Protein chains: 2
Amino acid sequence: MALGKDYAAQDCSIARALEVVGERWTLLVVRDALYGVRRYNDFLVHLGIPRAVLASRLAALVDAGVLEKRPCPDAPRRHEYVVTERGRALWPTLRALSIWGRENFGDDRPLRYYRHAECGTEIGLAGECPACGRLVPLEDVEVLPGPGLDLDPADPVSRALIGPRRLLQPVRLDAAADPV
Amino acid sequence: MALGKDYAAQDCSIARALEVVGERWTLLVVRDALYGVRRYNDFLVHLGIPRAVLASRLAALVDAGVLEKRPCPDAPRRHEYVVTERGRALWPTLRALSIWGRENFGDDRPLRYYRHAECGTEIGLAGECPACGRLVPLEDVEVLPGPGLDLDPADPVSRALIGPRRLLQPVRLDAAADPV
DNA sequence: GACAGTAAGTTCAATGAATGAACCTGATAC
DNA sequence: GTATCAGGTTCATTCATTGAACTTACTGTC
């Protein structure tokens with residue numbers, strides 16, 4: 001990656017991390033992947049990202065071991081991008097960033113709630129459950145719509161993501177096509 | 001910020017956060033500010049960032065309320081950039097990102113350790129102390145050089161940052177000028 | 001079997017941002 | 001008064017991003 005050159009000189013893990021996920025759009029792609037978005041076209045319509053940039057970001061993330069590209073189980077010629085263990089490990093970062101964004105630049109009404117499915121407690125700053133005291137496996141994180149969330153968004157992926165649902169649960173567009 | 005436009009369409013706190021700190025270099029500037037770097041020239045030599053970009057990033061961060069620009073107490077015509085409460089609130093994000101970078105792209109030897117000064121416990125994923133169970137105030141975070149850290153770096157700011165020291169403790173270059 | 005449509009891209013010209021070097025300005029240092 | 005430093009600005013070049021158009025391979029539908 002040509003961009004990262006200068007970062008590399010830094011004696012710093014943050015700089016190394018930013019070489020991988022520091023480019024425009026990259027963290028939003030990872031966020032979507034953690035939400036369960038897997039297909040090129042789903043990323044495309046949900047993010048509103050230019051096609052060429054998406055292709056380049058996905059390739060870079062696969063290269064870095066954050067996503068895995070593999071053929072779709074049902075349609076062998078299609079493929080999907082699935083978060084690896086390394087990608088899942090970005091959840092604490094994204095959770096912390098999200099809280100910072102909400103507390104400093106959001107309006108009062110939260111967009112979404114994240115809860116530990118087993119005990120109902122809201123997930124903490126780094127993805128841990130304050131009640132259980134441990135990091136919650138992503139599959140056990142329940143995503144619920146908050147009062148600030150638009151419940152009738154234009155694109156089908158946003159509609160499929162309204163929830164309630166779990167993190168990592170693959171997005172299915174089939175049943176989401178009915179308007180009010 | 002012209003860049004952020006597309007992000008803004010997203011119903012998502014992460015996107016809002018990235019509008020503020022998502023540009024190239026920005027998070028590294030904040031990291032340095034949390035380390036105690038305050039002066040334009042110190043950011044410049046430590047980051048190796050182009051002057052124009054630094055000026056623009058600092059202005060944007062002041063604008064967003066992450067940094068505060070104020071006259072130097074000793075030299076009234078100079079000024080310094082100090083992290084605000086909002087800037088300090090980015091510490092959990094940076095801590096999580098740093099751990100991700102180290103665990104996934106670092107070599108085995110850590111560059112730095114972060115410890116709760118009062119009990120000596122290593123700081124957790126989101127800046128909390130696992131022993132005390134609470135977020136550690138940044139002034140109580142002790143930064144120690146790890147085995148992977150270059151102990152004789154070229155620029156004086158890196159030398160002043162070797163530590164041991166505390167987060168937020170202002171960088172002073174005066175005494176750091178003696179080579180081995 | 002022709003036609004339309006979808007998925008996952010690539011290519012291209014135009015725009016915008018990043019880079020590094022040079023310049024500027026006002027204060028201190030000698 | 002000459003040099004140096006802090007904190008910038010300006011400029012030409014390079015590089016990345018953007019949005020639109022094109023491509024290619026497969027999947028239905030009539």
Side-chain angles (χ1 to χ4, degrees), chain A residues 1-9 18-19 22-29 32 37-62 67 69-82 155-157 170-174 177, chain B residues 1-9 18-19 22-29 32 37-62 67 69-82 155-157 170-174 177:
Chain A
M1 193 186 306
L3 258 183
K5 272 264 240 19
D6 290 275
Y7 284 3
L18 288 175
E19 281 179 58
E23 281 176 305
R24 191 158 151 68
W25 295 111
T26 304
L27 271 179
L28 291 178
V29 171
D32 271 20
V37 177
R38 295 181 165 196
R39 305 274 287 269
Y40 178 92
N41 274 288
D42 291 350
F43 286 107
L44 201 66
V45 307
H46 188 231
L47 292 172
I49 182 179
R51 305 180 82 87
V53 176
L54 177 59
S56 134
R57 293 297 184 274
L58 287 173
L61 285 171
V62 169
L67 300 181
K69 182 181 189 172
R70 63 188 195 199
C72 237
D74 38 318
R77 270 297 154 153
R78 316 253 155 100
H79 38 274
E80 50 184 23
Y81 296 88
V82 187
D155 76 282
V157 180
V171 169
R172 287 277 155 260
L173 295 187
D174 322 313
Chain B
M1 195 187 308
L3 257 183
K5 271 265 239 16
D6 289 275
Y7 284 1
L18 287 175
E19 282 179 56
E23 282 175 304
R24 190 157 152 67
W25 295 109
T26 304
L27 272 180
L28 291 179
V29 171
D32 271 21
V37 177
R38 296 181 163 194
R39 303 274 287 271
Y40 179 91
N41 274 288
D42 291 350
F43 285 108
L44 202 65
V45 307
H46 188 231
L47 293 172
I49 182 178
R51 307 180 80 86
V53 177
L54 177 59
S56 134
R57 293 296 184 274
L58 287 173
L61 286 171
V62 169
L67 300 180
K69 183 181 189 173
R70 62 188 196 199
C72 237
D74 38 317
R77 272 295 155 154
R78 316 250 157 100
H79 39 275
E80 51 184 23
Y81 297 88
V82 187
D155 76 281
V157 180
V171 169
R172 288 276 154 261
L173 295 188
D174 321 313

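Letters go in sequence order (proteins before strands), and every chain restarts at 1. From a predicted model like this one, the values you see are computed outputs, not experimental measurements.
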Check every atom of D:dA6, C:dT19, C:dT6 against the side chain of B:Arg24 and return the nucleotide holding the closest atom.
C:dT19
I'd like a list of close polar pairs between nucleotides 8-10 of chain D and the protein, N/O only, cut-off under 3.5 Å.
residue, atom, partner, partner atom, Å
D:dG8, OP1, B:Lys69, NZ, 3.3
D:dG8, OP2, B:His79, NE2, 3.0
D:dG8, OP2, B:Tyr81, OH, 2.6
D:dG8, N7, B:Arg51, NE, 2.9
D:dG8, N7, B:Arg51, NH2, 3.0
D:dG8, O6, B:Arg51, NE, 3.1

Starting at atom CD1 of A:Ile49, determine the distance to atom C1' of D:dG19, rounded to an integer number of angstrom.
13 Å
I need the CZ-P distance between B:Arg70 and D:dG7, as an integer number of Å.
14 Å
Could you grab the distance from atom CG of B:Leu18 to atom CG of A:Leu28, nearest 0.5 Å is fine?
5.5 Å
More 5' along DNA chain D: B:Asp42 or A:Arg57, using each one's nearest nucleotide?
B:Asp42
Find the distance between CZ (A:Arg57) and CG (A:Leu27) and round it off to the nearest 0.5 Å.
11.0 Å
Within a strict 4.5 Å, meaning less than it, do heavy atoms of the B:Tyr40 and B:Arg78 side chains meet?
no
Can you check the A:Leu44 CG to C:dT10 C1' distance for me, whole Å?
14 Å
Nearest whole angstrom, please: distance from the C1' of C:dA7 to the CD of A:Glu80.
13 Å
Any non-hydrogen side-chain atom of B:Phe43 less than 4.5 Å from a side-chain atom of B:Ile49?
no
Taking every heavy atom of A:Leu44 against every heavy atom of A:Arg51, the minimum-distance pair comes out as CD2-NH1, 3.1 Å
Rounded to whole Å, CG of B:Leu47 lies from P of C:dG20 at a distance of 13 Å
So does A:Trp25 get a side-chain nitrogen or oxygen closer than 4.0 Å to the phosphate oxygens (OP1/OP2) of D:dT18?
yes
Work out which heavy atom in A:Trp25 is nearest to a heavy atom in A:Gly48; give both atom names and the distance.
CH2-O, 4.1 Å
Who are the side-chain contact (heavy atoms from CB on, under 4.5 Å) partners of A:Arg70, not counting sequence neighbours?
A:Arg38, A:Glu68, A:Glu80, A:Val82
Please state how far atom CG in B:Leu54 lies from atom P in C:dG20, giving the value in whole angstrom units.
13 Å
Whole-Å distance between C:dG9 C1' and A:Arg78 CZ?
13 Å
Interatomic distance where CD belongs to B:Glu23 and P belongs to C:dT19 [whole Å]:
11 Å
